[in-house]
Amino acid sequence: MSYDDSVVIEAPSDSFWEVGNYKRTVKRFDDGHRLCNDLMSCLHDRARIEKSYAQQLTEWAKKWKQMLEKGPQYGTLEKAWLSLMTEAEKVSELHLGVKCALMSEDFEKVKNWQKEAYHKQMMANFKETKEADDGFRKAQKPWAKKLKEVEAAKKAYHLACKEEKIAISRESNSKADSNVNPEQLKKVQDKVEKSKQDVQKTKEKYEKNLDELNKSTPQYIENMEQVFEQCQLFENKRLEFFREILLEVKQHLDLSATSYNTIYQELEHTIKSADPKEDLKWFRCTHGPGMPMNWPQFEEWCADLNRTLSRREKPKKTGDGVTLTSISQTGEQASQPPTYNSSYEKNQNDTTEWSDDETNNPFNCNETNGDNPFDDDHSGSEVKVRALYDYEGQERDELSFKAGDELTKVEDEDEQGWCKGRLENGQVGLYPANYVELIP
């Protein structure tokens, strides 16, 4: 098996340092581009609301101004009443100004930044994604090759230990059997001696390979750190840019002088409390080099086990709980959740201009949000299930629940191991099938 083949095998733990687990860091480039699309879609939705509100105020003012002018009201009270129409017209102008600022300034700024930061390639997603992936692969390839040799040596050693035990057992049985002639006994004893030699030989090779792996680990850590820090610098630029954009959007939305002060002060405090450095620190500790790692160590063969547990085996559910391999699992997902596709990416090209005409608008409600995949008729067979473990949804279409929570399964498990269910609050979404049990 080549190095490229080995990286696609599911890693035995969730640590950043496992072969292939750097891909979560590389995925941030694609996620960053998608988030730019989502931010533009978000700004467009708000601009459309501002425009609609302004139009409604104008229509309302025009209607009641005509009615008052033709109605029986007169004098100064008529002027006072008409002043409400004037106020509506002025407020309408303010909200049209908000709409223009959101689209001509904020929207365009995000669009241009996205175009400058992410460079699309013909045969791949983005240049930045490919460069980061190539950098991690180059840093990981030597260590991954040595790790593969260690795994092979460990397997050979454990197999030799098993053969030795079988040979010793046969020797004992042969000595106790009077029907076994000396020549047969001699063959069995030779087999025992050979198996002991094989155990010693494979053990020495296992220890040697493991020692070489441990010696290369510091260089592996250093190389991976360098590539990771480059990814962090790029992500920091995006986080800082988003923070600036959100503050500018706040300025355009803030039409308050007195009555709206409290709302926008709270909004400003929330945005300014965002700290990109803290975000990067959290990502480092949760998905980066700050994660704990169960570095490979020498594992003695255990005679009580019928077989050797592999580093790459998943935990399997049993009646009494969960049986784990020698490497602790920090992630609980049974499989990768469905990929989230941005509604903006489906419907908007970078060069498409925004239009007030909603029939031609790539950001209208139907296209921006898409059909809800969970609005289907769930009137089929439904069963009650109970959560065995806590689960935190990773995508918008996934459910979150705690161990012991009850929910309703509305669709059976698919090929990837996911079911569709409904929580008691009515929320419908996906969840791992092996995280629940049927309620008798």
Side-chain angles (χ1 to χ4, degrees), residues 22-51 97-137 227-253 271 274-277 279-280 283 339-370 395-396:
Y22 65 81
K23 290 186 178 293
R24 290 174 304 190
T25 301
V26 176
K27 184 176 179 291
R28 282 198 304 181
F29 290 91
D30 296 332
D31 290 343
H33 185 272
R34 188 193 74 187
L35 288 169
C36 289
N37 293 335
D38 290 343
L39 181 55
M40 285 187 283
S41 179
C42 176
L43 294 178
H44 177 270
D45 285 349
R46 180 57 185 266
R48 186 176 56 195
I49 292 172
E50 296 290 338
K51 177 186 176 182
V98 172
K99 171 255 178 185
C100 292
L102 290 175
M103 295 306 300
S104 63
E105 297 181 34
D106 301 329
F107 182 94
E108 288 298 322
K109 186 173 291 187
V110 177
K111 180 179 177 181
N112 293 333
W113 187 90
Q114 182 193 47
K115 186 176 181 180
E116 294 175 359
Y118 300 94
H119 300 86
K120 200 81 172 179
Q121 291 186 321
M122 292 293 293
M123 303 302 294
N125 289 332
F126 300 103
K127 175 184 177 183
E128 292 72 22
T129 303
K130 185 178 185 303
E131 288 177 349
D133 188 75
D134 291 345
F136 278 120
R137 281 177 176 269
V227 182
F228 183 82
E229 287 304 321
Q230 293 174 2
C231 296
Q232 291 286 77
L233 289 174
F234 185 91
E235 179 68 2
N236 182 67
K237 293 179 181 179
R238 187 191 68 81
L239 294 174
E240 291 283 4
F241 173 73
F242 270 44
R243 182 174 181 270
E244 292 174 3
I245 285 294
L246 291 176
L247 285 173
E248 291 182 14
V249 170
K250 176 263 170 186
Q251 294 294 336
H252 293 145
L253 295 178
I271 295 175
D275 189 347
K277 292 183 179 179
D279 292 346
L280 295 175
F283 191 92
T339 302
Y340 169 78
N341 293 321
S342 169
S343 58
Y344 177 85
E345 279 184 308
K346 293 178 181 177
N347 305 296
Q348 174 71 357
N349 294 325
D350 287 341
T351 58
T352 302
E353 294 296 329
W354 178 79
S355 170
D356 287 344
D357 184 359
E358 295 189 7
T359 60
N360 297 320
N361 191 343
F363 285 103
N364 63 45
C365 283
N366 292 334
E367 293 179 348
T368 299
N369 298 324
E395 300 289 348
R396 300 181 188 178

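Throughout, residue positions are numbered sequentially from 1 according to the sequence presented. Below, each value reflects all heavy atoms present in this structure, side chains not excepted, and no hydrogens, waters or symmetry copies.
- Within the 3.5 Å criterion, the main-chain N or O of Glu108 finds a donor-acceptor partner in the side chain of Asn112.
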Give the intermediate values and the outcome of salt bridge (Lys or Arg N to Asp or Glu O under 4.0 Å) for residues Arg137 and Asp133.
CA-CA 6 Å; Arg137 281 177 176 269; Asp133 188 75; 3.0 Å; yes
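- The distance from atom SG of Cys100 to atom NE2 of His252, rounded to the nearest 0.5 Å, is 11.0 Å.
- For the pair Arg238 and Phe242, the cation sits on the ring face: its NZ or CZ lies under 6.0 Å from the ring centre, inside 45° of the axis.
- With respect to the salt-bridge test (charged N to carboxylate O, under 4.0 angstrom), the residues Arg48 and Asp45 qualify.
- Inter-residue side-chain proximity for Leu253 and Arg46 is flagged as met; some heavy-atom pair is nearer than 4.5 Å.
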Does the side-chain contact (heavy atoms from CB on, under 4.5 Å) test come out yes or no for Leu233 and Asn236, once each step is laid out?
CA-CA 5 Å; Leu233 289 174; Asn236 182 67; 5.6 Å; no
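- Geometrically, Lys120 engages Phe126 in a cation-pi contact, judged by NZ or CZ lying under 6.0 Å from the ring centre and within 45° of the ring axis.
- In summary, Lys109 and Glu105 do not engage in a salt bridge, as defined by a charged side-chain N under 4.0 Å from a carboxylate O.
- For the side-chain hydrogen bond (donor to acceptor under 3.5 Å, both in side chains) with His119, the qualifying choice from Lys130, Glu128, Glu131 is Glu128, the only one to do so.
- Two residues are said to be in side-chain contact when any heavy atoms from C-beta on lie closer than 4.5 Å; Asn37 and His33 meet this criterion.
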Please determine whether side-chain contact (heavy atoms from CB on, under 4.5 Å) holds for the pair Cys231 and Tyr22, giving the CA-CA distance in whole Å, both sets of side-chain angles, and the decisive distance to 0.1 Å.
CA-CA 11 Å; Cys231 296; Tyr22 65 81; over 6 Å; no
